[in-house]
There are 4 protein chains.
Amino acid sequence: MSQPIEIAQTESKKREKTGKAKRIRLTQKAIVTTAATLFAEKGFGSTSLDDIAEVLGVTKGALYYHIKNKEEILRLIYLSVLNVAEEPLRRIVESDLPCAEKLHKAIEHHIEVSADKSPAITVFYREHPHLTGPFAREIALRQKDYEHHFEHIIEEGITTGAFKAGSDPKIIMFGILGMCHWISQWYQPSGRYTPQQIAAMFTGMVENGLLPSEC
Amino acid sequence: MSQPIEIAQTESKKREKTGKAKRIRLTQKAIVTTAATLFAEKGFGSTSLDDIAEVLGVTKGALYYHIKNKEEILRLIYLSVLNVAEEPLRRIVESDLPCAEKLHKAIEHHIEVSADKSPAITVFYREHPHLTGPFAREIALRQKDYEHHFEHIIEEGITTGAFKAGSDPKIIMFGILGMCHWISQWYQPSGRYTPQQIAAMFTGMVENGLLPSEC
Amino acid sequence: MSQPIEIAQTESKKREKTGKAKRIRLTQKAIVTTAATLFAEKGFGSTSLDDIAEVLGVTKGALYYHIKNKEEILRLIYLSVLNVAEEPLRRIVESDLPCAEKLHKAIEHHIEVSADKSPAITVFYREHPHLTGPFAREIALRQKDYEHHFEHIIEEGITTGAFKAGSDPKIIMFGILGMCHWISQWYQPSGRYTPQQIAAMFTGMVENGLLPSEC
Amino acid sequence: MSQPIEIAQTESKKREKTGKAKRIRLTQKAIVTTAATLFAEKGFGSTSLDDIAEVLGVTKGALYYHIKNKEEILRLIYLSVLNVAEEPLRRIVESDLPCAEKLHKAIEHHIEVSADKSPAITVFYREHPHLTGPFAREIALRQKDYEHHFEHIIEEGITTGAFKAGSDPKIIMFGILGMCHWISQWYQPSGRYTPQQIAAMFTGMVENGLLPSEC
DNA sequence: TATGAATGAGCTTTCATTCAT
DNA sequence: AATGAATGAAAGCTCATTCAT
């Protein structure tokens, strides 16, 4: 006989794309959204382009028709966050509401964005070390800017007597922002409270304090 | 094209790896400390063992005499944080200070740990997706436990009338913890305030509110 | 010392990796065949994926498009052997030839496979310690099964009086199989005898003995 | 507080030597014996010097006081096999026993050595690709020599009429040797038969055949 | 004699990126 | 627009070997 030994075929990586195979039209937006979810779950460094492509039901190579490289996806995520967050805050600051009201609105806005649970927010606060070059600096600047707007509200309140003096506005600002940021770590849309309710509780605590009024 | 023949610069390459070349005795502790700094700067996934080894002035292989693998370094960082944070908080909760005082102490403790700016904290809040297996679950549990302790203080305060009713203690807890967590992102030991001072401002805001007393 | 500056021989290094550089289309089958040859020559543990890739004229990384990992190559080699060997033996056992004839056919079959000198056989008898997990057990079972078929032939022969009683069928089976296995170590297709001739000599010895008939 | 974060110590590789920790005096012989067992189980390439040292209850470095390198261990295993096998066979061949008796003794001898279960035998037939240099050639030669001695017995038998003519002595030799070699794969000292009994069955089959005498 | 510590080379594997089709 | 195939660089890890103590 001495026939040639047949090699058994095996399904290797090739056909493993059992993902969702949505087969929606591939767009930059779809890539960024999908990537944000995966980055939030597993981290930027541990998410491969293969992972993203699989969820989208395409092959890795296809992504490159829509994006330049992996970091660009991350850049787009950062931009998507800032683009939604900056403008409304600016309008609140520039409005002529009383300071206490401004602070409430600002907190509400920030929470709405954070609670949007958009995994993008999670990525935003976690993956900045993976940004490089001038873009990294740009993002840092715009983030600082955002913080300054909050700070201004506090400062203005203290100056006008709307808020108590005694604390450094910058520190207060960091406290309030930290409070809001953290929401992306625990908020669930299916939970008991709406973002607006949470904003009300936070504002209540921050403005009136936890202790009962003494008089 | 006939491009010019390049002269090999054998020497120059060697000198490239002169990093810090501390040449301290290599220990597990030294590895973990150095790694924490690098992880905080560049992220876990983007820090190679080569990076760590270079800073320590040894070769990659040497690290493996002291640690089992890269994830173990991360695990040790997480443990180092929890081991410092848990016990003091437990003591505060179990003490018989008045609630307002307990809250102050708890905030102070948390800020002290966070402000320690120990890059370990930055890593702690950022790299958990890189933990795997049962350890990941253990850490998540211990973190939940820590949060529960804070929650209990608020709850107790509301029950005893020390704190105003009206807000969900869990939400308040998330707010306060978020406020404190964030410190590791902006605090600098060389800055204007000590952790204790910051704790005082935060406690002031949280307990008395920003608005001036009305009476 | 002032040793002479070495001129970089950029070109020469590239040419070093010209191995065979077949540049046939890379397939799983090609990888497995090439690997079998190398494993047989140098052993599984001492053959690197670089070695295999070089012979195939591709880079290491390319292999991973077709196989999952190194062990999968080994698994495919084992399957390729068993897939050729099992079925024909089963048919012989289940046929209604007289026992002596069955034994002859079985020996002939086994020798044909072994003599195929396909390096796969050499690997098969040597590298099983490198198989892991359930697959290792599966292979061991299928090998045992194969042996049982041989044993049955002997047993049946003794029961029906076709073979002398007195020896343990299992021991006889081991003897005959060992005899055949070994062929892969010395057989050369270019040698004096065909597998069929060798099978005839072996069967002659095993059935009639070396001693001249006494009557 | 701001106390330094303590790094939790972990038991890494260091103290893991839970092996047998025999603590017998370390000798070259002990190393070779232990190594043979491990090589037989896991293969030469997959057994590290650490593995060997652990079983012996010493550290890797200690081995180097007794052996030059890993390959030397393998060389010593090969020598230990040949040194036991060669001399007795030579004596049998040179004796003036009748041929049939010589063959019986030779088979018995070979089986005794193989069955000695000495894992060394398993290593002997499996790891030769890891021998290098002149030693590899020396071993190959001595193995050939050993085979020639067997061949001579057959040849002599045919010439003197003690054995039937018709088969090539070399092929017969390969058959008988393969039969015996294989024993190291299945023989267990605790099994039903002694090496001598197995030798008797093999000799019976080989000299008288399985078929019943016709007269 | 033996240990602890380190080196350096090599290995398997992963992956962002490229490109012909 | 998308795929299949390949590259090449880097990563994590292992390990034989060396050597001061």
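Proteins get letters first, then strands, A, B, ... in listed order; numbering begins at 1 in each.
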Q: Find the distance A:Glu54:CD to F:dG4:C1' and express it as a whole number of Å.
A: 16 Å
Q: Pick the closest DNA chain E nucleotide for C:Leu49 and for B:Leu26 by heavy atoms, then say which residue is nearer the 5' end.
A: B:Leu26
Q: How close or far is atom P of E:dA5 from atom CG of B:Leu63, stated in whole angstroms?
A: 14 Å
Q: D:Ile52 CD1 to F:dC15 P: how many Å, rounded?
A: 11 Å
Q: For the residue pair D:Thr27 / D:His66, report whether a side-chain donor-acceptor contact shorter than 3.5 Å exists.
A: no
Q: Just N and O in the side chain of C:Tyr65: are any of them under 4.0 Å from OP1 or OP2 of F:dA5?
A: yes
Q: Which whole-number value in Å describes the distance from B:Tyr64 OH to F:dT17 P?
A: 22 Å
Q: Roughly how many Å is it from CD in B:Glu71 to P in F:dG12, rounded to a whole number?
A: 12 Å
Q: Expressed as a whole number of angstroms, how long is the span from D:Ile31:CD1 to E:dA2:P?
A: 9 Å
Q: Check every atom of F:dA6, E:dT13, E:dA16 against the side chain of C:Lys70 and return the nucleotide holding the closest atom.
A: E:dT13
Q: Let me know which of B:Leu38, B:Thr34, B:Ile77, B:Thr37 forms a side-chain contact (heavy atoms from CB on, under 4.5 Å) with B:Pro119.
A: B:Thr37
Q: So if I take every side-chain heavy atom of A:Lys60 and compare against F:dA6, F:dA11, F:dA16, which nucleotide ends up nearest?
A: F:dA6
Q: Please name the pair of heavy atoms, one in C:Leu74 and one in C:His130, separated by the smallest distance, quoted to 0.1 Å.
A: CD2-CB, 3.7 Å
Q: Just compare E:dA6, F:dA16, F:dT7 and give me whichever is closest to any side-chain atom of B:Ala62.
A: E:dA6
Q: Where the side chain of B:Val58 is defined as all heavy atoms beyond and including C-beta, which of F:dA16, E:dT1, E:dT7 is the nearest nucleotide?
A: E:dT7
Q: Tell me what D:Thr47 touches on the nucleic acid: a base, only sugar-phosphate, or nothing, going by heavy atoms under 4.0 Å.
A: sugar-phosphate
Q: Rounded to whole angstrom units, what separation is found between the NE2 atom of A:His130 and the P atom of E:dA16?
A: 11 Å
Q: On a heavy-atom basis, which atom in B:Asn69 and which in B:Tyr64 lie closest, and how many Å separate them?
A: CA-CE2, 4.0 Å
Q: Applying a 3.5 Å limit to both distances, which nucleotide forms a Watson-Crick or G-U wobble pair with E:dT21?
A: F:dA2
Q: Could you tell me which nucleotide pairs with E:dT12 by Watson-Crick or G-U wobble geometry, both distances under 3.5 Å, or answer none if nothing does?
A: F:dA11
Q: Identify whether NZ of Lys or CZ of Arg in A:Lys70 sits under 6.0 Å from the centre of the six-membered ring of A:Phe44 and within 45° of that ring's axis.
A: yes
Q: Closest-nucleotide mapping onto DNA chain F: is A:His66 or B:Gly45 further toward the 5' terminus? I mean the 5' end.
A: A:His66
Q: I need the NZ-C1' distance between B:Lys42 and F:dA11, as an integer number of Å.
A: 13 Å
